[in-house]
Amino acid sequence: MTTTTITNNNAEPIYLLAIDNGTQSVRALIFDQFGTEIAKARVPIEPYFSTQASFAEQHADYYWQKLAEACQQLWQTCDITPAQIAGVSLATQRYTMICLDKDKQPLRPAIVWMDLRQGELNDLGVLGPLAKVAGLGEVVQEAQRKSRCNWLAHHEPEIWEKTAHYVNLSVYLTLKLTDQLVDSTGHVLGYLPYDYKAQDWFKPNNIKWRLFSCRREQMPKIIPPGQQLGSITAEAAAATGILAGTPMIAAASDKACESLGAAGLADDTACLSFGTTATINTTSKDYIEVLKHMPSYTAAAPQYYNHEYMIYRGFWMVSWFKEQFAYYEEQLAKTQGIDTEKLLDQAVKDIPAGCMGLMMQPYWSPGVRHPGLEGKGALIGFGDVHTRAHVYRAILEGLAYELKLGFDKIEKRTRKPIKHLRVSGGGSQSDSAMQLTADIFGMPAYRPHTFEAAGLGAAINCAVGLGIYPDHLTASQAMTHLGDEFLPIPENVQLYKRLYNEVYLKMYERLQPLYQSIQDITGYPAL
């Protein structure tokens with residue numbers, strides 16, 4: 001497949017369309033070749049619906065409709081025309097899986113990344129005893145149970161029998177845009193037959209295929225970020241308004257693109273994502289597992305890896321708090337024409353660092369490797385002085401404590417000091433969250449120059465694929481810039497250091513037996 005090359009003489013702006021299909025919205029964004037955000041349209045989406053407890057599903061075509069709506073809204077609200085767009089790239093949420101039939105039509109709703117259903121164990125043949133001997137029995141069983149294809153094969157065999165293509169959301173949207181069943185390696189993540197170190201599907205003779213019910217012929221072709229996936233079709237052009245024939249360039253998942261867009265293409269830079277899932281990443285060409293048996297993910301640049309630590313439902317907690325406890329602020333925000341988060345942020349500024357002893361452990365749901373399946377959230381230190389604003393700040397502090405734990409683990413495993421801190425995602429728009437992050441980490445925290453770091457990462461890939469820049473490092477240096485700086489406040493640093501070391505680091509170990517008892521007594525969460 002040929003790649004369109006555009007000469008960058010720096011005289012005229014070159015416009016790049018980045019589409020970011022996240023968990024709670026789809027955003028269509030236009031950037032120029034210098035990383036300037038020119039225009040944006042945002043369409044909210046329903047993250048999922050549930051037919052059973054622990055299930056999270058959404059119709060595949062719903063995502064496509066919302067993507068098209070975001071693009072059409074973009075053209076209506078900016079002066080840039082579709083004819084001026086040089087190329088398109090896509091970032092999407094991770095591990096949202098779709099079954100397509102032989103005609104490439106969805107057979108059932110997509111299983112969204114937040115889904116917690118558990119599949120059955122496959123017959124592993126000789127792999128089973130080998131895994132036990134190697135001490136990997138539990139890890140192998142976990143991979144089988146969390147693999148959606150195993151659940152589908154056992155619980156919906158008639159659907160699975162018709163599944164000709166087992167793909168994630170990025171493949172489906174690329175198919176709708178280009179009529180090509182192809183994807184970026186940067187999008188492949190989850191319990192799939194993927195060799196994270198080699199950045200390719202397992203070889204046909206790899207015994208690890210036995211872990212999964214899917215077959216090699218069901219998996220899409222994958223190419224590295226920055227290569228051309230195809231071109232916008234006439235049908236997609238009619239739906240989205242993007243000009244037919246516009247080249248589409250491979251990008252990566254939203255978290256990988258966010259790290260790239262936050263200037264994170266260096267192993268001494270940690271990128272914090274304050275999104276629905278909160279993460280901390282460093283990026284390098286070294287494959288290192290930060291948590292035991294947890295792979296390094298494919299980054300948004302070829303032959304790079306993201307060393308990631310994740311809080312499964314991170315700033316989702318902020319949305320939960322707003323929905324459950326911030327009715328007054330929501331109504332007041334409407335009358336003032338501002339976001340509810342702005343009012344909450346103002347309230348948090350009046351709460352002292354350390355939240356007057358109120359601390360939160362942000363284990364909203366079981367994590368991938370940490371915490372265990374029995375993990376639950378906790379708020380400790382309540383007193384009659386505490387208000388809703390204290391609880392809100394405790395949520396922000398708890399998320400920062402847990403990301404600091406990830407920071408420490410990454411430094412220990414990579415044996416490389418982290419010197420720079422970049423913070424992106426929706427939660428980074430909060431000045432209070434940024435300041436307490438600088439204080440808890442004890443180092444300056446910087447926002448990127450745009451809050452749309454994931455979209456910028458996709459645009460960087462687009463720029464490389466179009467030949468505007470020769471490689472991702474050059475493109476990143478040209479298109480990423482520092483935004484606001486938040487310096488740590490010395491007295492807050494010392495207070496947080498003690499709370500982190502003397503309280504937070506001890507919470508999970510001491511509460512874990514109680515979590516297990518809660519699960520044994522109530523059956524929740526279901527393991």
Side-chain angles (χ1 to χ4, degrees), residues 20 22-27 29 37 40-47 70 93 114 254-255 258 261-262 271-280 311-353 355 358 360 362 364 377 379 386-403 421-441 445-456 483-486:
D20 179 10
T23 300
Q24 301 187 66
S25 68
V26 180
R27 292 179 293 282
L29 306 120
E37 183 184 316
K40 174 172 69 173
R42 178 185 182 274
V43 174
I45 60 177
E46 289 294 329
Q93 57 183 264
M114 290 177 283
D254 50 6
K255 295 301 182 185
E258 202 170 329
C271 294
L272 279 62
S273 171
F274 285 1
T276 304
T277 295
T279 59
I280 179 169
I311 307 174
Y312 194 61
R313 291 213 186 181
F315 276 76
W316 182 277
M317 294 181 190
V318 172
S319 299
W320 168 83
F321 180 89
K322 185 174 70 172
E323 291 171 3
Q324 300 299 324
F325 301 107
Y327 178 79
Y328 169 77
E329 285 81 5
E330 281 199 290
Q331 297 307 306
L332 184 60
K334 287 179 182 178
T335 63
Q336 296 183 4
I338 60 175
D339 292 332
T340 307
E341 287 81 1
K342 286 189 177 295
L343 291 178
L344 292 171
D345 206 39
Q346 291 172 10
V348 165
K349 289 178 180 177
D350 295 329
I351 306 299
C355 225
L358 189 63
M360 187 202 70
W364 195 247
L379 271 167
H386 293 123
T387 65
R388 287 181 304 126
H390 288 86
V391 174
Y392 187 73
R393 184 179 179 101
I395 290 173
L396 298 178
E397 290 183 348
L399 291 167
Y401 285 136
E402 185 67 13
L403 290 172
L421 207 60
R422 309 285 184 259
V423 187
S424 58
S428 69
Q429 297 181 55
S430 164
D431 286 355
S432 296
M434 290 295 301
Q435 184 59 57
L436 66 85
T437 297
D439 294 342
I440 287 174
F441 281 74
Y446 295 86
R447 291 181 179 130
H449 71 281
T450 172
F451 289 118
E452 300 294 347
L456 178 57
D484 299 323
E485 176 189 54
F486 292 81

What's the shortest heavy-atom distance between [X] and [Y], and which atoms?
X: Pro47; Y: Met114; value: CB-CE, 3.8 Å
X: Leu344; Y: Ala326; value: CD2-CB, 4.2 Å
X: Ala347; Y: Ala389; value: CB-CB, 4.1 Å
X: Ala394; Y: Met360; value: O-CB, 3.5 Å
X: Ala333; Y: Leu343; value: N-CD1, 3.6 Å
X: Glu37; Y: Glu452; value: OE1-CG, 3.6 Å

Under 3.5 Å, is there a donor-acceptor pair linking the side chains of Glu341 and Ser430?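 No, no side-chain donor-acceptor pair sits under 3.5 Å.
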Can you establish whether the number of heavy atoms outside Gln324 located under 6.0 Å from its atom CD is more than 12?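 Yes, because the 6.0 Å sphere around CD of Gln324 holds more than 12 heavy atoms from other groups.
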Got a sec, which pairs hit side chain to side chain donor-acceptor pair (under 3.5 Å) with one end in residues 388-399, sequence neighbours left out?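 As it turns out, the side chain to side chain donor-acceptor pair (under 3.5 Å) pairs with a partner in residues 388-399, which skip direct neighbours, are Glu329-Arg388, Thr387-His390, Arg393-Glu397, Arg393-Tyr496, Glu397-Tyr496.
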Working to the nearest 0.5 Å, report the span between [atom1] of [X] and [atom2] of [Y].
X: Ile338; Y: Gln346; atom1: CD1; atom2: CD; answer: 6.0 Å
X: Gln435; Y: Ile440; atom1: CD; atom2: CD1; answer: 10.5 Å
X: Phe274; Y: Thr279; atom1: CZ; atom2: OG1; answer: 10.0 Å
X: Lys349; Y: Leu436; atom1: NZ; atom2: CG; answer: 12.0 Å
X: Asp339; Y: Lys322; atom1: CG; atom2: NZ; answer: 7.5 Å
X: Trp316; Y: Glu323; atom1: CH2; atom2: CD; answer: 7.5 Å

If you define the side chain from C-beta out and look only at heavy atoms, does anything of [X] sit under 4.5 Å from [Y]?
X: Leu456; Y: His449; answer: yes
X: Gln336; Y: Lys342; answer: no
X: Val318; Y: Leu396; answer: yes
X: Val391; Y: Phe321; answer: yes
X: Phe441; Y: Leu403; answer: yes
X: Leu29; Y: Thr450; answer: no
X: Lys255; Y: Thr277; answer: yes
X: Ile395; Y: Phe315; answer: no

I'd like to check the ring-ring contact (aromatic ring centres under 6.0 Å, His included) partners of Tyr328; sequence neighbours left out, ordered by chain and number.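 With neighbours one apart ignored, the set is empty.
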For Glu258 and Gly425, indicate whether the former's side chain and the latter's backbone hold a donor-acceptor pair under 3.5 Å.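 Checked: pair present.
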Whether Asp345 side chain and Asp431 backbone form a donor-acceptor pair below 3.5 Å: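 Side chain of Asp345 to backbone of Asp431: a pair is present.
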Using the side chain to side chain contact (heavy atoms under 4.5 Å, CB included) criterion, which residues pair with Phe451? Sequence neighbours excluded.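 Residues passing side chain to side chain contact (heavy atoms under 4.5 Å, CB included) with Phe451: Ser428, Gln429, Arg447.
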side-chain contact (heavy atoms from CB on, under 4.5 Å) assessment of Thr437 paired with Phe486: CA-CA 9 Å; Thr437 297; Phe486 292 81; over 6 Å; no
